[in-house]
Chemist: 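Got a structure for you, questions after.
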Amino acid sequence: MNIAEIADRLNFEIVCGSTGKNNMVTWGYTSDMLSNVMGNASEGNLWITMQSHKNILAVALLKELSGIVLVNGHRPDTETVTQAEKEGVVILATDLPAFETAGRLYQLLKENEDIQS
Amino acid sequence: MIFEYQIEGGDFTKAGSASSEVKKILRQLNLEPSLIKRIAVAMYEAEVNVVAHAYRGTMTVDIDTGRIFIAVKDEGPGIEDIEKAMTEGWSTANEKVREMGFGAGMGLPNIKKNADELKITSTPGTGTKVEITCFTRL
Ligand SMILES: Nc1ncnc2c1ncn2[C@@H]1O[C@H](COP(=O)(O)OP(=O)(O)O)[C@@H](O)[C@H]1O
Ligand SMILES: [Mg+2]
């Protein structure tokens, strides 16, 4: 499943970096600690976080994540948006808290896995 | 090939930019993806530590057949007890830094996990040098 499909199904807004909307999502990872993501997330993971500052972009790029979902209504600042567009990091946003966001994404990815197998 | 980057202490807006540059170079060199991933994590954590804990530093990347060597040297407070600093979850980061998602105390353990060789030397009151080596599979 790619970012665009997930955004559509779960009603996440694509805020910026829409060039990455075709990125395939391998799985999700939820954390607000950057080193935790650096240490444990895998390539293609969709990262759920409330951190909305510029530093999330370097983490997403270095770990080759498929995208970032900002929860609780958080939105990236202008500087982050500009940089995300430049680097092609897709940022999604939802008003849901992290728990519900992860729950819905988990369910969707699991269902999709079942359909494919 | 040797590349050098300056790192500004306290400037979180640029944290990770040197590592991102290096990663681009490594990809252009067509190194194994798994090796690039390990190096990316290790150098990012070393770079962020200068931003979070030191005043200024340099990152030197030496790419050779057989190995990638990265030295991150800083002027800063240094580390009193390196063994303690290596403990997962141990951090002296302040509240503001933690709120940004840094300061999980997992940086040095992440470096250790991803480097083939790691050497940390530090003089309290002067600075720290973190040396990371990753070997390429030929
Ligand atoms: N370059 C450095 N200069 C001074 N202290 C450092 C440096 N790198 C690490 N430290 C010390 O080691 C601790 C642990 O580092 P690390 O594992 O990266 O966790 P964190 O950076 O999240 O605190 C830091 O909190 C800090 O006290
Ligand atoms: Mg650190």
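Residue numbering restarts at 1 for every chain, and letters A, B, ... go by the order of the sequence lines. These figures come from a predicted structure and were not determined experimentally.
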Chemist: Taking CZ in B/F3 as the centre, count heavy atoms belonging to other residues, nucleotides or ligands within less than 6.0 Å. Is the count above 12?
Modeler: yes

Chemist: Under 4.0 Å between a side-chain nitrogen and a carboxylate oxygen: does that hold for B/K37 and A/E43?
Modeler: yes

Chemist: Side chain, backbone, both or neither: which part of A/Q83 has a heavy atom under 4.5 Å from chain B?
Modeler: neither

Chemist: Using non-hydrogen atoms only, which part of A/D32 is less than 4.5 Å away from chain B: side chain, backbone, both, or neither?
Modeler: backbone

Chemist: Counting heavy-atom pairs under 4.5 Å with chain A, which one of B/G101, B/S20, B/A40 comes out on top?
Modeler: B/G101

Chemist: Could you check which of B/E45, B/R98, B/M100 has the highest count of heavy-atom pairs closer than 4.5 Å to chain A?
Modeler: B/M100

Chemist: Name the option with the most non-hydrogen atom pairs under 4.5 Å to chain B; the candidates are A/V37, A/T49, A/L62.
Modeler: A/L62

Chemist: With chain B, which of A/S35, A/G39, A/S52, A/A58 has the greatest number of heavy-atom pairs at distances under 4.5 Å?
Modeler: A/S35

Chemist: Check B/D62 with B/R67, please: is the shortest side-chain N to carboxylate O separation under 4.0 Å?
Modeler: yes

Chemist: Atom CG in B/D74, atom OH in B/Y55: separation rounded to 0.5 Å?
Modeler: 9.5 Å

Chemist: Apply salt bridge (charged side-chain N to carboxylate O under 4.0 Å, His left out) to the pair B/E32 and B/R38, showing each step before the final yes or no.
Modeler: CA-CA 10 Å; B/E32 309 148 60; B/R38 286 198 288 128; over 6 Å; no

